Amino acid sequence: MMMARRVATVAAAVALAAALLLCGAEVEAEVGQPPVARGLSLDFYKRSCPKAEAIVRSFVQDAVRRDVGLAAGLLRLHFHDCFVQGCDASVLLDGSATGPGEKQAPPNLTLRPAAFKAINDIHDRLNKECGKAGRPVVSCADALALAARDSVAVSGGPSYRVPLGRRDSPSFATQQDVLAGLPPPTATVPALLGVLSKISLDAADLTCPARGTDRRTPLDVRTPNTFDNKYYVNLVNREGLFTSDQDLFTNPATRPLVQRFAQDQKAFFDQFVSSVVKMGQIKVLTSQGQIRRNCSARNPGTGMSSWSILDDAAESEPRLLISY
Ligand SMILES: *[C@@H]1O[C@H](CO)[C@@H](O)[C@H](O)[C@H]1NC(C)=O
Ligand SMILES: *[C@@H]1O[C@H](CO)[C@@H](O)[C@H](O)[C@H]1NC(C)=O
């Protein structure tokens, strides 16, 4: 089937966010900011790296100007990281003898190598600015969360503040975890909702856009590299490219939200911000974990045995639409 594989584009990324947002939201309710997770804070680097946010923003602005597809790539990388094992930069680790990294698992095919490289480059700049005696101060997971945030803004989407202070995992998810965390493109709305509920996301979160972003198969054929509500407009007009996307409009649980977001871009932006901030705090490491020197590799002398993430991995990983 020609639709079997989804690729990322901003529109697709928006599509995921869009889909995320649709499930569970109260149609008329005001969307509040989700609480800041314990151990994180909005000004975490205020003293240790006051220029961190400015460094990331300027990098993303320049890089996206040169490669417009990078914005979607970074947003998807952040989602991908969060939905498999939590927002711990595990997706950035190169595979090693202990098993395949998230990059090697099948959904890897939809993650852009340029996005991985961009995070390493951003992290290098942060280390140069703020590293103390070669020891980095800003985690790779935070660098990724900020880069995703700036990618949204630079593409015309909403600006929002990101709680910071995540630490990086010394271990990556197994290929099995990755498969369990990412649903097949055929997943139905109820199936997706069931998975999201395990990580405390709901229908409104599901209806957020993030499905794909690349110019090969833009989900939003009108504005593929702009972060806007056209994904929902297309669904209402029955122009969803994939059956499972169109299902968001036909399913009574998500239809009212699709209609609302199609009519009201601000409502969509507000819900997106709430959902992405919530997603960005899934199972974050604060007292555990490390701040990687190299985003592609765990720090020397650390490994799987330092702490365990294996206990509930199979049960609790959400499936996600972002990678299709
Ligand atoms: C993606 O994952 C598959 C399955 O593990 C692997 O065979 C393939 O080489 C990977 N591709 C890339 C580009 O890493
Ligand atoms: C970071 O780690 C990767 C994977 O081990 C390695 O290939 C790369 O050379 C490292 N980068 C630097 C700057 O050391």
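Since the structure is predicted, the reported quantities are computational estimates derived from the model, not experimental observations. Ligands are counted one by one from 1 in listed order, and the atoms in each one are counted from 1 as well.
- Checking atom 1 (C) of ligand 2 against the protein gives a heavy-atom contact under 4.0 Å.
- When only non-hydrogen protein atoms are considered, atom 8 (C) of ligand 2 lies nearest to Asn294 ND2, 3.7 Å.
- Every salt bridge (charged side-chain N to carboxylate O under 4.0 Å, His left out) that Arg149 has, sequence neighbours left out, goes to Glu53.
- Nearest non-hydrogen protein atom to atom 7 (O) of ligand 2 is Asp94 OD2, 4.2 Å.
- Rounded to the nearest 0.5 Å, atoms CD1 (Ile122) and CG (Leu74) are 6.0 Å apart.
- Atom 5 (O) of ligand 2 has as its closest protein heavy atom Ala297 CB, 3.8 Å.
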- Task: List the steps, then state whether salt bridge (charged side-chain N to carboxylate O under 4.0 Å, His left out) holds for Arg125 with Asp121.
- Result: CA-CA 6 Å; Arg125 283 200 194 174; Asp121 291 347; over 6 Å; no
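- Residues passing the salt bridge (charged side-chain N to carboxylate O under 4.0 Å, His left out) test with Lys132: none are found, sequence neighbours excluded.
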